[in-house]
Amino acid sequence: MTSTLRPAETTGTAPRPGRWLALSVLVLAVLLVAVDATVLGLATPYISEDLKPSGTQLLWIGDVYSFVIAGLLVSMGSLGDRVGRKRILLIGATAFGALSVLNAYATTPGTMILARALLGVAGATLMPATLALIRNLFHDPRERSFAIGVWGATASAGTAVGPIVGGFLLEHFWWGSVFLINLPVMAVLVVVGVKLLPESRNAHPGPWDMASVALSLVGMIGVVYAVKEAAAHGFAWTTLAVGLLGAAALYGFVRRQLTLPTPLLDMRLFRNRGFSGAVLADLLTIFGLAGLVFFLSQYLQLVQGRRPLEAGLAELPAAVGAVVAGLVAGRAARRFSVRWVVSGGLAAIGLALAALTTLERSTGYPLLGAALLVVGVGAGFSFTVTADVILSAVPTEEAGSASAVSETAYELGAALGIAVLGSIVTGVYRGFASPVGTPEGAHESLGGAVEAAAGMPPQAAEALLTSARQSFVDGLGLAAGAGAVVLLLTAVAAWFMLRDERLDGGDGDGGGPSGE
């Protein structure tokens, strides 16, 4: 097995010509995934009105993509190392575009959940391949830090582009149009990527172990499903059985990786404290953010009455902060240290979420906008530096697997965050007092309450909406508080786990694109 010690950089290697143009193609794939994730939040009220999902189905629509992608990322990252990262990226992008059409034309909650799950299979091929190709394109540590910053900034830009473009589409077309915006991006990525991207793979990959793939998928989905169901409905024998099955599968996966001569994932990577600390920081950061962000669009539209485009613009400060911070994160980490930048970023997010516990129905935008800006800055610093730490900890031939670990932490955190924090919001919301004769669906989701109020007498409708909106805000505030606690504790853990961790390349300005 390959050593997990940090590989020495080959300073004498000539820079690869065209690497910055190749990077521009890779970030299109990141943009594809980021836009898809953010437009779903804006479209949720419309999906709820049209497809009439239950509260549980609505949560599944939101998080099944993350469940599937989390279960397959390691397998797909390893597959890219074996068959070629360029090849799997282009295949995945094509499938992602085609499945976006299936999402757009879903007619039932079940179809929508299935479409999101299949999209997760395609999405699992994209993110590990992009980071792994960056690791192979940029041998100079400072250039690689800057390239990762561009990668992260593009993901953040996608979170801004998604709501704005999605808001415009929702005001002029039906909700399915927000998924169709993936098609032109996918087309450009595939056509240009065929020309510009270099192929890279592990020269001695070994076989792709299907038993490990199955164990990873069953284990990840089983554990996350059990957490979700326990958070939403309490413990039940079925939930416990699924959780134990998932835990057993993950245990079997780890044991199998330790015995295979060429494992799907080299488990010895986790002996590196910096690698483990970076992965943990990613997972818990997204856990603290995801559930809150999923419901924030509903707050802006259904509580404060903003139009979709206005709601998208309202979320822009988070993306702006993340873009700016991501581009300078490598430079800051070399000047002040990795743990200062990561822990400081996590603490900033935690304090911003704490401020959001004061949200009311009539809260003015300055508080919300300022909190979102701080969240974006903190996330930009933290995610960019942890991605660099993870990629730098492995040899280039294992870049796909390492990238997949990073993305698995991200997606697993998102799934758990939506499941646990989202269930807090839903649990508090369902307890609101409603007028006699209120349809049962009003207690399933805020979108259901808005729809129910449309068919009620004016006085009863007003009473229903007032009570439902206040209950939703109460749940949102409680979820923000839970997220704040998680982020602040993660900041403390990162401070100790990333002690003495530093980015390759020594002191300097963090690098930037040099001439070809």
Checklist entry - With Ala104, which residues qualify under side chain to side chain contact (heavy atoms under 4.5 Å, CB included), at least two apart? => result Trp174, Phe179, Leu180
Item to check | Closest heavy-atom pair and its distance - Gly369, Pro317 | outcome: O-CB, 3.6 Å
Next on the checklist: Are the side chains of Leu126 and Leu89 in contact, using a 4.5 Å heavy-atom criterion?
Outcome noted: yes
Item to check | Side-chain heavy-atom pair Leu302, Arg469 within 4.5 angstrom cut-off | outcome: no
Item to check | Any residue meeting salt bridge (charged side-chain N to carboxylate O under 4.0 Å, His left out) with Glu462, in chain and number order, not counting sequence neighbours | outcome: none
Item to check | Residues which pass side chain to side chain donor-acceptor pair (under 3.5 Å) with Gln470, listed by chain and number, not counting sequence neighbours | outcome: Asp474
Checklist outcome for this item: For Phe270 and Ser276, the nearest pair of non-hydrogen atoms, with its separation, is O-OG, 2.7 Å
Item to check | Side chain proximity check, Val121 to Leu72, heavy atoms < 4.5 angstrom | outcome: yes
Checklist entry - Do Leu368 and Leu356 come within less than 4.5 Å of each other through their side chains, counting heavy atoms only? => result yes
Checklist entry - How would you list, by chain and number, every residue that makes a side chain to side chain donor-acceptor pair (under 3.5 Å) with Thr386, sequence neighbours excluded? => result Asp282
Checklist entry - Nearest heavy-atom pair of Glu360 and Val473: which atoms, and what distance? => result CA-CG1, 3.9 Å
Item to check | Where Leu465 and Ala449 come nearest, the two heavy atoms and their spacing | outcome: CD2-O, 4.0 Å
Next on the checklist: For Gly92 versus Thr125, what's the shortest heavy-atom pair and its separation?
Outcome noted: CA-OG1, 3.0 Å
Checklist entry - Any side-chain heavy atom of Phe472 sitting closer than 4.5 Å to one from Val425? => result yes
Checklist outcome for this item: So ring-ring contact (aromatic ring centres under 6.0 Å, His included) across residues 301-328, not counting sequence neighbours, yields none
Checklist entry - Quick one: side chain to side chain contact (heavy atoms under 4.5 Å, CB included) partners of Met186, sequence neighbours excluded? => result Leu32, Ala93, Leu183, Val190
Item to check | Set of residues satisfying salt bridge (charged side-chain N to carboxylate O under 4.0 Å, His left out) with respect to Arg306, sequence neighbours excluded | outcome: Glu310
Next on the checklist: I want to check something: taking the side chain as every heavy atom from C-beta on, are Tyr299 and Thr363 in contact at a cut-off of under 4.5 Å?
Outcome noted: yes
Next on the checklist: Once ring pair (Phe, Tyr, Trp, His ring centres under 6.0 Å) is applied, do any residues pair with Phe381, and if so which ones, sequence neighbours excluded?
Outcome noted: none
Checklist outcome for this item: Exactly one of Leu280, Val279, Val342 clears side chain to side chain contact (heavy atoms under 4.5 Å, CB included) with Met497, and that residue is Leu280
Checklist entry - So which of Val486, Val485, Leu487, Val374 actually passes side chain to side chain contact (heavy atoms under 4.5 Å, CB included) with Leu353? => result Leu487
Item to check | Of all pairs that satisfy ring-ring contact (aromatic ring centres under 6.0 Å, His included), the ones with a partner from residues 479-498, not counting sequence neighbours | outcome: Trp340-Trp495
Item to check | Nearest non-hydrogen partners of Ala314 and Leu300, listed with the distance | outcome: CB-CD1, 4.0 Å
Item to check | side chain to side chain contact (heavy atoms under 4.5 Å, CB included) against Leu51, all qualifying residues, sequence neighbours excluded | outcome: Ile47, Pro53, Pro109, Met112, Trp175
Checklist entry - Within the side chain of Ser382, is there an N or O that forms a donor-acceptor pair under 3.5 Å with the backbone of Gly378? => result no
Next on the checklist: Whether the side chain of Thr357 engages the backbone of Ala480 through a donor-acceptor N/O pair (distance < 3.5 Å, no angle test) should be reported.
Outcome noted: no
Checklist outcome for this item: Residues passing the ring pair (Phe, Tyr, Trp, His ring centres under 6.0 Å) test with Tyr365, sequence neighbours excluded, are none
Item to check | Pairing residues for Ser100 by the side chain to side chain donor-acceptor pair (under 3.5 Å) criterion, not counting sequence neighbours | outcome: Asn182
Next on the checklist: With a 4.5 Å cut-off on side-chain heavy atoms, are Ile134 and Val150 touching?
Outcome noted: no
Next on the checklist: Between Leu133 and Leu23, is the side chain to side chain contact (heavy atoms under 4.5 Å, CB included) condition met? List the steps.
Outcome noted: CA-CA 9 Å; Leu133 285 167; Leu23 176 65; over 6 Å; no
